[in-house]
Colleague: 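Sharing a structure here in structure tokens format.
All ligand and atom numbering here is 1-based and tracks the order in the structure.
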Amino acid sequence: MYVIFLGAPGAGKGTQAAEVARELKLAHIATGDMFRDAQKKGTPLGLKAKEYMEQGKLVPDEITVAMLLERIAAPDCAHGMILDGFPRTITQAEALDKALDKALARQAKGIDAVVYIKVDEEELAKRLGGRWICRQCQAPYHELSAPPKVTGKCDRCGGSLYQRDDDKPATVRERLNVYFRQTAPLIDYYRKAGKLTEVDGVGAVDAVRKNILSTLKKGTAGRN
Ligand code: AMP
């Protein structure tokens with residue numbers, strides 16, 4: 001099963017994608033995590049991406065598409081994957097369609113479903129402000145809605161929590177602008193392709209996850 005999770009920064013894509021991928025045994029591909037990883041390692045890709053990420057802007061399509069296509073060619077993606085944070089522009093979506101058409105032509109299979117996690121703008125700004133991430137395993141927490149058991153420590157691996165530079169207020173505003181300008185048009189792109197499923201992203205994390213899972217099971221019944 002090939003699934004895209006679509007939604008604004010702060011909609012809960014990362015949290016939901018990780019959980020759903022675990023439950024359905026799919027690879028979880030998060031381009032934001034890949035860029036942060038490259039930054040940590042100090043690779044040329046990481047240094048280039050940093051310039052854009054710090055300002056809340058998108059990394060250029062050529063760089064992002066090349067990185068993503070290389071990643072999804074790995075064996076762990078062969079049985080299915082959830083794309084989290086990709087595509088973020090129409091150009092990226094078209095490049096993905098083209099690559100999947102080519103790779104999967106024999107099975108006549110492309111993206112099975114696009115889950116659009118819908119959250120209004122006011123709620124998004126509130127959520128992004130209080131977000132903390134584990135430095136080690138990238139698990140996300142929130143001061144209000146999903147605090148860790150011990151302040152500053154990850155429940156899963158004990159790693160220390162930090163606030164990303166791009167979760168600071170001015171950058172948050174720019175990231176939301178970029179989302180509405182460049183990424184939101186994908187909602188229509190996938191709706192027209194008959195792939196879009198809308199899920200209400202406001203509510204308990206577990207309830208949202210259950211909704212996503214039942215939507216996916218319904219929408220892709222009979223496919224694998
Ligand atoms: P995320 O963790 O998904 O919020 O991504 C963090 C940052 O990484 C974004 O604000 C962008 O600067 C960059 N990024 C992640 N995915 C993409 C993408 N598909 N296209 C361009 N930039 C991206």
Colleague: Do any side-chain atoms of residues 6-16 form donor-acceptor pairs under 3.5 angstrom with protein atoms, and if so which ones, sequence neighbours left out?
Modeller:
residue : atom : partner : partner atom : Å
Lys13   : NZ   : Gly7    : O            : 3.1
Gln16   : NE2  : Val205  : O            : 3.0

Colleague: How would you list all residue pairs meeting salt bridge (Lys or Arg N to Asp or Glu O under 4.0 Å) that involve residues 136-153, not counting sequence neighbours?
Modeller: none

Colleague: Using side-chain heavy atoms (C-beta onward) and a distance below 4.5 Å, is Phe86 in contact with Val65?
Modeller: yes

Colleague: Salt-bridge test for Asp206 and Lys210: reply yes if a basic N is under 4.0 Å from a carboxylate O, no otherwise.
Modeller: no

Colleague: Would you please name every residue forming a side-chain contact (heavy atoms from CB on, under 4.5 Å) with Gln163, sequence neighbours left out?
Modeller: Trp132, Asp167

Colleague: Contacts table for ligand 1: protein N or O within a distance under 3.5 Å of ligand N or O, distances only.
Modeller:
residue  : atom   : partner : partner atom : Å
ligand 1 : 2 (O)  : Arg36   : NH1          : 3.1
ligand 1 : 2 (O)  : Arg36   : NH2          : 2.8
ligand 1 : 2 (O)  : Arg164  : NH1          : 3.4
ligand 1 : 3 (O)  : Arg88   : NH1          : 3.0
ligand 1 : 3 (O)  : Arg88   : NH2          : 3.2
ligand 1 : 4 (O)  : Arg88   : NH2          : 3.3
ligand 1 : 4 (O)  : Arg164  : NH2          : 3.3
ligand 1 : 4 (O)  : Arg175  : NH2          : 3.4
ligand 1 : 12 (O) : Lys57   : O            : 2.6
ligand 1 : 16 (N) : Thr31   : OG1          : 2.8
ligand 1 : 16 (N) : Gly85   : O            : 3.4
ligand 1 : 16 (N) : Arg88   : NH1          : 3.0
ligand 1 : 19 (N) : Gly85   : O            : 2.9
ligand 1 : 19 (N) : Gln92   : OE1          : 3.0
ligand 1 : 20 (N) : Gln92   : NE2          : 2.9
ligand 1 : 22 (N) : Val59   : N            : 3.0

Colleague: Salt bridge check: are Glu62 and Lys48 linked by an N-O gap of less than 4.0 Å?
Modeller: no

